[in-house]
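Notes for the one structure printed next.
Numbering of residues begins at 1 and proceeds along the displayed sequence. No experiment lies behind these values; they were computed from the predicted model shown.
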Amino acid sequence: MACQSVAAIMDEQALLGLNPNADARYRQRAMAYFEQLKESQDAWEVCAEALAKGIYNDDHVKFFCFQVLEHQIKFRHAALSAAQQQLIRETLMKWLQCQLMNTQPEKPFIRNKAAQVLALTFIMEYLTMWPKFFFDILTLVGLNPHGVDIYLRTLMAIDAEVVDRDILHTPEETRRNTLIKDTMREQCIPSLVESWFQILQTYQLSHPELTCQCLEVVGAYVSWIDLNLIANDRFVNLLLSQMSVEELREEACDCLFEIVNKGMDPVDKTKLVESLCQVLQSAGFFNVEQEEDVDFLAKFSRLVNGMGQSLVLSWTKLAKAGNVKDAAETLQAVEAKVPLLLQLLVHEDDDISANIVGFCYEYLHVLKQLPQLTDQQKTNIEAVMLAVMKKLTYDDEYNFENEGEDEAMFVEYRKQLKMLLDRLAQVSPELLLEAVRRVFTNTMQSWQTAPFMEVEVAIRLLYMLGEALPASHGAHFSGDTAKTSALQDMMRTLVSCGVSSYQHSSVSLEFFETVVRYDKFFIVEPQHIPNVLMTFLDQRGLRHNSPKVRSRVAYLFSRFIKTLHKHMNAFIEEILTRIQDLLELAPPENGFPALLTSDDQLFMFETAGVLIVNSECPVERKQALMRSLLTPLMDAFRLLLAKLPQETETERQAALADCLSHAVGFASRTSKTFLPALSCPVQRAVLRSSVRSFLHRMIICMEEEVLPFVPAASEHMLKDCEAKDLQEFIPLISQITAKFKRQVSPFLQQVFMPLVLAIFEVLARPAEDNDQAAALEKQMLRRSYFSFIQTVTGSGMNEVMANQGAENIERVLFTIIQGAVDFPDPIAQKTCFIILSKLVELWGGKDGMVGFPDFIYKHIVPACFLAPLKPTFDLSDAQTVLTLSECAVTLKMIHLKRGPECIQFLQQDYLPSLQVSPEISQELCQVLQQPDVKVLKNYIKAFFQQAKL
């Protein structure tokens, strides 16, 4: 029963809202009451009284009171008076005393919250006001089970706040935590360790849950306390005895793991691990096959892994130090654990096996460093190989059609095994190659009667050799004769034994993955190409009954053709005929499920294009093949495009637009057919985006052949456009400008102002002040606009801007000045200064544009000073410093082009207007005249840092 006392005055109506089932009005009132108590200087004291005197039985009210206290300690502790701080300490100790007298413990969530509050109080007061924190608690709780429970929970909460490396701390918190740990080591850790021993000894039979909690505490603290306090006969023997108690042994395993993981002298570590192993072995723990509890074995495997890795680390340190005798003894200790390692690695439970992979990997790394392997070590390598091969195998329960969490975990486990296989290849490539060859050959001889998992893993092992035995650019079939001969034999068997007909999707996928991994095999033995092509094209590949297989094969087929296109001339027309129905545009209303998705069809069109373009046919035949490939697509496109404006349902419109978008993506050799889609009044965004992507690709693969269609596309793109349209269109124009330069100068002169005016119009549209999405869109459009101007000015086409007329040029120039100075966007500002520097280079000399020198002095020079002086120009930001560098380059360019006139203007007119002293003005001008621009960049940065103080 709870301690009784007089009632504290709390808002009972608000407390009703703490119940999760309370209605919204009460819950709101409870929240308001919480805020009131948190912020008040002393109203929270009522919560302290309620806890100290055990007034409330409602768990939600108790939790609420602890939350209020937690807030005071965490955020207002320094502002509390000494009496209030004393009140918190007394409250916690009185509450703890009540727990000793209660017949039933509090609910776990209240005990955890109490432990958090105790831990926070400890952190705030241990170093100053409450150095006897642990003494007081231990004196109060003694060996009372309810008290011990709170004590252990508090220790774990302290560990979470002070030690846990996964929690990020400020430098000040890190310093404080270090000081707490140092003080604890000096003052109380021996007492804490003694209390743990007493708890473990007292409660191991009567209260196993408390014993497990205590073991968890020991495991957490052992990483930073003196190991000798724990790693001694008395303590270790107690832990080892608990390894035999069913309820305790998993936690005991974890605790021993933490002890083994503790950093220490390599010789001492070897002795510690060996003494643990002797006891564990004599107690029968190494007889893994007799243990049925897989949860315990998973923990035990982790412990063995920790011991093995610790021994390997000790051997590495001793070998490096030249300590031959101790290194040899440690290596012997490592070798002695290999039989146990193999038992755990090959265990049917994957968690048990996965937990030992680290030790196995490190052991193989040790063998790799030895000058010569003994017969026993070679035997160990072969045993690891067999274990890995066995464990790579799928089990019967793997769900290939609906892969869930278990399947994902097995895929991750397979990745770990692959690491072992790669390491085996480094230690002994000959042994691995021979082992794989033996397994592969035996399985392929009887694949018709073998279970799917054995067939799959045999092919998988062949696939894995491709990475395990590296070859430059996939050249596995040249160089080392033994290797190439073995791989060639296996590939020949794979493609000729008929295993491609095996009726399981995992085998089908592995077959095609391996064929494409070793596609260069078919350059060496091209006689196998016809059979493999048929495998890709029939019900074993692209027409397989599994959508997953069809989809993957579509991609793999495109890779296969790209590598071997020179060997495909004899088969092109047959391939195109066989895949013709797979290239059909599936309109949304036909209702039939397509064999391939639209993404898969992209690969098929790419494959068809590669075949036609790279064939040795006459040009006329290529054109005819391309026409027969694309005419059905273009006809379907026109038909659907005509339907789209007439469709009234939004969902149907979206489906048609998607279909049209896919058609544009499929095309690799057409152009004009798709341009009318840009003017379609509905679903414009989807269509414009796909045509833009299409033109981007065409520019790459068709070169100047695509240029006649760009003006028409641009005209459509600039009609009724949004910020996003322009933002995506500008890179297309920039790509054309950068790639073709003078070839597109007439077009650029024609499109320049319509594009610029379209940008100005969109930027001028009003938007809500708090519409962040619209503001970001405009910022990105501004950046795109300045990037476009930079591309034009940087491509050597002076005439594009020069021929726009004085009024338009001036308008554009002012936007660049505005971008450099007024918008706090360092990326755009940097681009603007790059443009200004380039324009000064082009037009700032004696034979430059009329009136431009005047613009330099009136606008460009002031921009170089006004931009860095803005409060938003943050000189501690890396991007802003890059902008300042470009600002310095612009000033340097002005001086290069205008000479002494520039220095005179700065010294006599402009710098005095900024109240810069004559001495500083002269200093800046001297630096400006130095040849090295780096000196100017450094000076300018210091100049503005000083100016902004």
Derivation and outcome, side chain to side chain contact (heavy atoms under 4.5 Å, CB included), residues Arg550 and Leu542: CA-CA 5 Å; Arg550 293 197 299 269; Leu542 289 166; 5.8 Å; no
[Y] side chain reached by [X] side chain, heavy atoms, under 4.5 Å:
X: Arg460; Y: Leu465; answer: no
X: Phe522; Y: Val532; answer: yes
X: Leu494; Y: Phe440; answer: yes

Glu606 bridged to Arg559 by N-O distance under 4.0 Å: no
Glu616/Lys566 salt bridge by N-O under 4.0 Å criterion: no
Identified ring-ring contact (aromatic ring centres under 6.0 Å, His included) counterpart of Phe536 within the set Tyr555, Phe560, Phe511: Phe560
Decide whether [X] and [Y] meet the rule of one side-chain donor and one side-chain acceptor closer than 3.5 Å.
X: Arg423; Y: His365; answer: yes
X: His544; Y: Ser505; answer: no
X: Asn380; Y: Tyr363; answer: yes

Report yes or no: does [X] contribute a side-chain atom to a donor-acceptor pair with the main-chain N or O of [Y] at less than 3.5 Å?
X: Ser615; Y: Ile612; result: yes
X: Lys418; Y: Leu392; result: no
X: Asp519; Y: Thr563; result: no
X: Thr535; Y: Asn531; result: yes

Side chain to side chain donor-acceptor pair (under 3.5 Å): pairs with one or both residues in residues 440-458, sequence neighbours excluded: Arg414-Glu456
Pairs touching residues 493-502 that satisfy side chain to side chain donor-acceptor pair (under 3.5 Å), sequence neighbours left out: Ser500-Arg540
Centroid-centroid under 6.0 Å between Tyr518 and Tyr463 rings: no
Ring centre gap for Phe452 and Phe400 strictly below 6.0 Å: yes
Stepwise side chain to side chain contact (heavy atoms under 4.5 Å, CB included) test for Leu533 and Ile561: CA-CA 10 Å; Leu533 278 176; Ile561 295 297; 4.3 Å; yes
Step-by-step side chain to side chain contact (heavy atoms under 4.5 Å, CB included) determination, Val436 to Leu433: CA-CA 5 Å; Val436 170; Leu433 189 62; 5.9 Å; no
